There are 2 protein chains.
Amino acid sequence: MNNSKIAYLGPEGTFTHQAALLFFGNDNKFIPVSRIKDVFSAIYSGQANYGVVPAENSTGGVIADTMDLFINTRLKVYDEIKISITQNLLSNIDKSEIKRIYSHPQSFAQCSGYLSSYFPDVELVETNSNTEAAIMAAKDKNGASIGPEMGAEMYSLQVLENEINDNKDNTTRFFIVSNICRNELRSKSVILFSVPNKFGALYYILKIFKDNTCNMTQIASRPAKTKNWDYVFIVEFENLTNEKKNKKMIEKIKRNTDFFDYLGTY
Amino acid sequence: MNNSKIAYLGPEGTFTHQAALLFFGNDNKFIPVSRIKDVFSAIYSGQANYGVVPAENSTGGVIADTMDLFINTRLKVYDEIKISITQNLLSNIDKSEIKRIYSHPQSFAQCSGYLSSYFPDVELVETNSNTEAAIMAAKDKNGASIGPEMGAEMYSLQVLENEINDNKDNTTRFFIVSNICRNELRSKSVILFSVPNKFGALYYILKIFKDNTCNMTQIASRPAKTKNWDYVFIVEFENLTNEKKNKKMIEKIKRNTDFFDYLGTY
């Protein structure tokens, strides 16, 4: 894609920035914003045509902020992109001198085994981004940060240790956010719904998938916010090869829900 | 309860501290620790008999760290306690002078509507606890923090605005963690399980609940960590009044899962 305006969860040098560059290529205008909600606002306001936000990490799980924004807006998922996440320990001091490690909470979660083994008594300071963490580590004479190598280059830190994420197959899925989703059916679809607060309501939705021999690849839940302990479900499934049957199945699911939103296909 | 040693997610003055005091009363030894995992470790090591950790907030959703620790340890849920969470804006300066607001990410999530409306351009700085946020706000001449009133008293901050949480019915459930769960069946049970990676596996579990006219009150999922995009499910349900039938139902669920852990009843 060329000449698009793309808002992403910044600042420059984050994994989301990497994902945005990988998906769209360099010939576009990239707009770093500081919160996931600002990515959505940038699309609403017309400041951007597309947005890039983290959706789920293979270790840390779904990104709650992103799911909640899809629940509360009518924006769509245009596509997904998965990138392999390698976390590194960055600092200009020796490991033995480290008293504070800065990072984003998701990065801490992805390295929690490593941190417990090698830095059980070090203070962990949560930051809004890995880039911010690198900036703070560079300023702190007893500081280190966790994040991508890109951050080390940008803020003149050394990579003290490579690939400190516990799961070596650590992957994050990013969603490409847009006003519209694709028309042509691709391999998977993602939907949001809530079910009536009555006995067996979720069971009946899963039965529709089962009766259609449709494979659900993900199910997650988020608080509905309208009433305590009610939930909105996020379900991703493999589309049926028969497009007509797929449409019919989705219609049936919709009829059995209180709230329904077809987010997109990719 | 008296003369127990209770580890809780500290420091002093957090909502978890409030929950611990409310559940156990004052005549106990309370041990503040700095991470949720340290609560679990304190019980394993025998340093504490019980632990108190946040399990779910009605707006922010399940606390991923807590769920992951139950997945990765054999500790149990001894009980739950719900407390109403009132977030306040704390500072010693005028609202117009605020340039930075410090708080725990969960507190930010609970006040995100308020913050967008009244402080759209203010820097939000994530901290490890609301107590740490209050300490940092007290030191920053353009700082404020979000948290319980208890924090304002402890760190000599003024309450600039009361009850800034978006959902006025904002509630957090805390779990009382222990080596053992209760023997006698109480109103609800909570279980963890993963299903074989085959078509309809989750559907069959929900069918067991449905066939027993058993009401599920919560379902959430977390990454299984053994394999990317596999999940462990956390399900809370209302126990059947017939204890024998309830046991039989649980046995049947267990037989249809790959991994199963009965966490407790409360």
Side-chain angles (χ1 to χ4, degrees), chain A residues 34-35 37-38 41 56-62 64-65 67-68 82 104-105 108-109 112 116 123-128 132 166-167 169-171 173 198-207 209-211 213-231 233 236, chain B residues 34-35 37 41 56-62 64-65 67-68 82 104-105 108-109 112 116 120 123-128 132 166-167 169-171 173 198-207 209-211 213-231 233 236:
Chain A
S34 57
R35 306 177 206 183
K37 65 183 299 178
D38 300 334
S41 309
E56 184 182 15
N57 174 268
S58 56
T59 315
V62 294
D65 280 358
M67 295 307 142
D68 289 351
K82 286 181 190 172
H104 189 272
F108 281 137
S112 65
S116 308
E123 188 190 354
L124 304 181
V125 184
E126 296 188 349
T127 57
N128 293 321
E132 190 186 313
D166 301 329
N167 176 358
D169 201 16
N170 189 21
T171 303
R173 302 202 297 142
K198 65 181 190 194
F199 171 71
L202 181 62
Y203 162 80
Y204 284 109
I205 302 295
L206 265 58
K207 187 172 187 305
F209 284 113
K210 190 249 168 195
D211 290 347
T213 330
C214 175
N215 192 29
M216 284 167 46
T217 45
Q218 188 200 3
I219 179 167
S221 61
R222 291 290 308 147
K225 308 222 160 104
T226 44
K227 191 164 156 267
N228 280 3
W229 326 119
D230 271 5
Y231 299 91
F233 296 96
E236 185 194 69
Chain B
S34 57
R35 307 178 205 181
K37 65 182 301 178
S41 308
E56 185 183 16
N57 174 268
S58 56
T59 314
V62 295
D65 280 359
M67 296 306 140
D68 289 351
K82 286 181 190 174
H104 189 274
F108 281 137
S112 66
S116 308
E123 189 191 352
L124 304 181
V125 184
E126 297 188 349
T127 56
N128 293 322
E132 189 186 312
D166 300 328
N167 175 359
D169 200 16
N170 189 20
T171 304
R173 303 202 295 140
K198 64 183 189 192
F199 172 70
L202 181 63
Y203 161 80
Y204 284 109
I205 302 295
L206 267 57
K207 188 172 187 303
F209 284 113
K210 191 250 166 191
D211 290 346
T213 329
C214 175
N215 193 29
M216 284 168 45
T217 47
Q218 189 199 3
I219 180 168
S221 61
R222 291 290 308 147
K225 307 220 161 110
T226 45
K227 190 164 156 266
N228 279 3
W229 325 118
D230 271 5
Y231 299 92
F233 295 96
E236 185 193 67

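The chains referred to below are lettered A, B, ... by the order of the sequence lines, with proteins before strands, and numbering in each begins at 1. Hydrogens, waters and symmetry mates are skipped; everything else that's a heavy atom, side chains included, is used. Just so it is clear, the structure is predicted and the values come from calculations on it, not from any experiment.
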Is the closest side-chain heavy-atom distance between A:Tyr231 and B:Ile219 below 4.5 Å?
no
> Taking atom types as modelled and ignoring hydrogens, do the side chains of B:Ser112 and A:Lys37 form a donor-acceptor contact shorter than 3.5 angstrom?
Replying inline: no
So CG of A:Asp230 and CD of B:Gln218: to nearest 0.5 Å the spacing works out to 12.0 Å
Most heavy-atom pairs under 4.5 Å with chain A, out of B:Arg35, B:Arg173, B:Glu132, belong to B:Arg35
Okay, B:Asn167 and chain A: the region with an atom under 4.5 Å from a heavy atom over there is side chain
Given A:Val125, A:Leu202, A:Val62, A:Asn170, the one with more heavy-atom pairs under 4.5 angstrom with chain B than any other is A:Leu202
Whatever's closer than 4.5 Å to a heavy atom in chain A on B:Asp166 counts as neither
Smallest heavy-atom separation, B:Lys210 atom then A:Tyr204 atom, equals CE-OH, 3.5 Å
CD (A:Glu123) and CG (B:Asn128) are apart, to the nearest 0.5 Å, by 7.0 Å
Whatever's closer than 4.5 Å to a heavy atom in chain A on B:Ile205 counts as neither
Problem set entry | NZ/B:Lys82: more than 12 non-hydrogen atoms of other groups inside 6.0 Å | yes
Turns out that what part of A:Phe209 lies under 4.5 Å from chain B's heavy atoms comes down to backbone
Can you tell if the side chain of A:Thr217 reaches within under 4.5 Å of the side chain of B:Trp229, non-hydrogen atoms only?
no
Cut-off 4.5 Å, heavy atoms of chain B, and the answer for A:Thr127 is backbone
NE2 (B:His104) and CD (A:Glu126) are apart, to the nearest 0.5 Å, by 5.5 Å
Nearest heavy-atom approach of B:Ser221 to A:Ala220 is OG-CA, 3.6 Å
Chain A shares the most heavy-atom pairs under 4.5 Å, among B:Pro105, B:Cys214, B:Ala109, with B:Cys214
Most contact-rich option vs chain B, by heavy-atom pairs under 4.5 angstrom, among A:Thr59, A:Asp68, A:Asn215, A:Asp38, is A:Thr59
Closest non-hydrogen contact found for B:Pro223 with A:Ser58 is CB-O, 3.2 Å
**Prompt:** Can any side-chain N or O of B:Asn228 pair as donor or acceptor with the backbone N or O of A:Asp169 at less than 3.5 Å?
**Reply:** yes
Contact check, side chains of A:Tyr203 and B:Met216, non-hydrogen atoms, under 4.5 Å:
no
If one checks every heavy atom of A:Leu124 against chain B at 4.5 Å, the contacting part turns out to be both
One option among A:Ser34, A:Ala224, A:Gly60 has the most heavy-atom pairs under 4.5 Å with chain B, and it is A:Gly60
